Structure formats: C-alpha cells, structure tokens
Amino acid sequence: MSSNVGIMMELSYQSMKIAHQAREADELRAEMRRKSLLILIYQHLLGQGYVAAAVALDQETNGGVMRFEVCDNIDLEMVLMEYESYHYVKFQKYPKLIRRTAEPGENRYAKSGGVKRSPCSAVKPLPRINPSQSPKSGNGAKKAATSENGSTVPPESSEFGLSVSSVKNGPLGEVAMNRKGQATDGKGSVHDAVKGAGIDSEHMERLLKPLSGFPGMSGEMRELAAVISRDIYLHSPNVRWKDIIGLEDAKRLVKEAVVYPIKYPQLFTGILSPWKGLLLYGPPGTGKTLLAKAVATECKTTFFNISASSIVSKWRGDSEKLVRVLFELARYHAPSTIFLDELESVMGQRGTSMGGEHEGSRRMKTELLVQMDGLARSEDLVFVLAASNLPWELDHAMLRRLEKRILVSLPSSPARQAMISHWLPPLNSPGGLELRTELDYETLAKEMEGYSGSDIRLVCKESAMRPVRKIFDALESHRDEDTDMPAIQLETVTTADFLEVIAHTKPSARNLMDRYTAWEREYESV
Ligand code: ADP
C-alpha cells in the first residue's frame, strides 16, 4: 500500500517536473523570440542610419542586442513579409500592421467611406457613358461618379501611363491616396528610388507617394523598387493596332480583355468583371510582344515590361521581394499592365528541374501566385499580360490564374502577303536611294507558308540587302576618292531574288505548330 503511494507521489512529482520544464522551455523560446526581434529592430535601425536610437535600444535592453548579429538573408522586412504571407494563406487577406493615428479633430473613418477604391478610379479620366446605358449596380454607379470627377488630361500631356497632371487635377488634389484609401503626405522615400531609376521629375511625382504594403521602405526595398521602376515604359512604344498585320482575333480578344475594361469600366462589373490574367502564346516572332506594346500605346496604362531577368535574382529571397514590389508598384500606378515576357522562364513547372528546385525560386513562384490571387480578389485595374513560346512548360497553378489564353498563330496567307508588301512596297527609299521591287506578292505569300512575322521581315530585309550589297564597292571607292557621288541605280528586287532568299531561310517554328494547336484544344479558355 505504502509502496503504491510512493509510486504515485513519484509520478506526480515527475509530471510536475516535466510541466515545469515545458513551461521553462516555452519561456525560453518566448524570450529568444523577443530577443531576436529586438536584434532585428536594432539592426534595422542601424541600417537606416538611426544610430542613436539603436544605441538607446541596446542600453535599454542592458546591452543585450549588440552582441549578436542577424543571420544571412534575415531582416525585419523578410520577417514581416513572411508574416503577411502566412496571414494571407490563413485568412485570405493581408494583416494590417500599422494604421495612422487620428489627428485631433479628425475622424479616422471618414476618409474612405468604407469603400475600397483603386487609385486609378480617382485619377484617371474615364470616358462617361450615357447613364441610361450604364448598369445600375452599386459598383458601376460609383465608378461612373468617380469618372465624372476625374481629371481632364489633355492627350498631349498624358504622354504615357504615368500622367502626373492627372494626379494633380484629380478630385483628391495633391493628397495622395494609397490602396487602402489612406491619405499620405507624399514625402516618401520612393523619391530616391525613382531618381535612381532615371525617371524624370514629371513622372517622379507620381511615384513620390509612399506605397502601401512597404512598411518603412528600407534601403533594400527602395533598391528593389528602383529595379522594377526601370522596367516601366515611360514613353509610348508607339505600336498601333493597325501596325500589327493580321491577328484580327487576337487583337479583338486583347482589346476585350484589357483595353475596354479600362476605357469603359462601367460595363465590366459583376459577371463581366475584367480578366486579370491573359496569356498570349504561340510560335516565336508572331507578334505577341507587338500586341503587348499596342496595349501599352493605345491604353496609356502604366506598362511594366518584365522579363525573367528583371525578377529572377541570384540572391535568395530577392526575387520574391521583387515580385511583391512589382505588384505593389502596379497597384499604385493603376491602371497598369504587367507584361511578363517569356513566362516559361519565370514560371516553369515547379519542382521538375534536376535535383529539385531552388528554394528561392519556389518561393518567388509562390509569391507570384499569391499576388495573382490578390489581383483576382481586388478591384484594382491591374492586368497581367503574359507571353510564352512554350506554354506546355508553364506551371499549372499559374495557368489557372491566366484565365484568358490566346493563341497568336503563324500569319495566314493574306497576312503574309500584307507583310511582304508592307516591308517591300513597290518603291522603297533606303538611305535616299530608290529601291524598286517587282514582286508577285501572292506567289511569295504562298511560298512563305509556315514562316512567322519575324521570319518574313528577315527575308524581306535580306532581299532588300542584295541590290544594296552590289553597290557597296562603288560607294566605298567614292568615299576614298572624295569625288562627287556617281549616279547609282539600285537593281530591282525581283520575285526570283526573293525566292532565292526564302530557299536559304528556314521557317523557325513550322514544326511546332501542331503542338500549339493541340495545346490550344486542351487548354482553350473559351
Ligand atoms: P514574339 O511573338 O516572339 O513576341 P514579336 O512581337 O517580338 O514576336 O515580333 C518580332 C518582330 O516580328 C516584330 O518586331 C515585327 O517586326 C515582326 N512581326 C511579327 N509579327 C508581326 C505582325 N503580325 N505584324 C507586324 N509585324 C510583325
């Protein structure tokens, strides 16, 4: 009996001891977390040049933080970002980490009226639609009202995308509104980032405002914002729809998906809410980039021309942050188009590479997906326009998010004919010399089946080069002797010449066409 009591006492003692140890371990972990956070804050302050504050922090913590340093690739922002991502995955929304303190006499809740609105709706001049035609939905009505108040930017002042005057003339005047409708004072540190990116002061003003989602905008984030800002088209690429030969279907679909929602937002609500992701796929050299440039020219959206090199950073963690910064900037400058060229090199299928995928790359891809989801849920006018020559290599999760997929096919026979006569019209004047052509356009177009637009351009260029090549000797000897220019007559480019060039230039993608159409059948979006 007494031995049983002894055993029970021993057991209860042991369990108390274990509970006590567990509590101690918890406390230790909490203490370490606190300390790590303090060290991160200390390093962050130092990094920002707040030396006195950092020293004060160290003193207040009894000199505990100075003796440690932060491990590689960890910083306060990374921790915050990871927390945000965690929060997003768990609750499908980003946490609110900070909020502005109300100033005396100010009603904090008055500023947005509870309505989340993309910055663009306040600053962009949206065309008005006859009220009797516009949908009566709350959203549509709200947007229409905004457009009425919207600025009136004369076409010449809205050079491209980043139209400063439209911000100034907007109903909000000089007060910048960020994504969450919070007014900010416009003295953010993006200023330097933009300066670094070589953006002129006209455009800079648009970027001056602090960005939401960038707590603190540290030096590192500023650098990343500068990297991405370099990829913003500040000048129109000057490609009009009419410059794109053929591709009528693709043009129509792109207009429907990207152009009209920006021009007529009132029409694109509810079930018609605009596509957020659009994939242009097809053989190389068929005009995918041209289509994107036409969007940039015609829509006057802020255009982010992003290639893999812009966001694939060799530094672990940077790519992920770059993606984040990219979408933040896009939202900030909405309406925006993010053009992801050669998507397969950024968003190839995950985990298929030999020996597994680099952790940093996986995280970058996940971030891209998270950001795309964020777009789908938001009302921000930000579109992702992606182009790929190898759609079958794309990650499936990414494909699902690119709801609209458009095959940009090899040019049809009439399109080929139009291209040849566009690049080699009957009379050409290279360098002031007349280049005559005698071409049977119809025959040549037939002969060029399977050639892409860029192949055809190359063949035209090579054909035009032949007669020019023949006069090089005469031109060179003329320069040597410094005599008057002899009368030079270029030979006419004939159908036979052209056919000869075709014979030496193979189409680059003919064999792949079946694969594209098979893929189209499988992944057709509508
Ligand atoms: P990709 O589909 O690989 O993005 P691009 O759009 O860059 O191809 O086209 C490459 C070049 O080929 C263009 O700069 C243009 O000169 C020519 N080109 C291709 N397709 C067309 C087209 N449909 N109309 C006019 N030019 C074209």
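Count residues from 1 along the sequence. As the structure is a prediction and not an experimental result, all values here were calculated from the model. For ligands, and for the atoms within them, numbers begin at 1 and follow the listed sequence. All heavy atoms count here, side chains included; hydrogens, waters and symmetry mates do not.
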- Does NZ or CZ of K255 come closer than 6.0 Å to the centre of the six-membered ring of W241, within 45° of the ring's axis? yes
- Note on the structure: Protein neighbours of ligand 1 with a heavy atom under 4.0 Å, given by chain and number, are D243, I244, I245, L247, P284, G285, T286, G287, K288, T289, L290, M419, W423, G453, S454, R457
- Item | Partner residues of R400 under the side chain to side chain donor-acceptor pair (under 3.5 Å) criterion, sequence neighbours left out | none
Can I get a per-line list of side-chain donor-acceptor pairs under 3.5 Å for residues 282-293, giving both atom names and the distance, sequence neighbours left out?
| unit_1 | atom_1 | unit_2 | atom_2 | d |
| --- | --- | --- | --- | --- |
| T286 | OG1 | P283 | O | 2.7 |
| T286 | OG1 | K288 | NZ | 3.4 |
| T286 | OG1 | V408 | O | 3.4 |
| K288 | NZ | G282 | O | 3.1 |
| K288 | NZ | P283 | O | 2.6 |
| K288 | NZ | N389 | OD1 | 3.1 |

- Query: Which residues satisfy the side-chain contact (heavy atoms from CB on, under 4.5 Å) test with E248, sequence neighbours excluded?
  - Reply: K251
- Might you work through the side-chain hydrogen bond (donor to acceptor under 3.5 Å, both in side chains) test for E344 and S388, ending with a clear yes or no? CA-CA 6 Å; E344 67 280 350; S388 174; 2.5 Å; yes
- Query: Does a salt bridge link R469 with E462, judged by any charged N lying under 4.0 Å from a carboxylate O?
  - Reply: yes
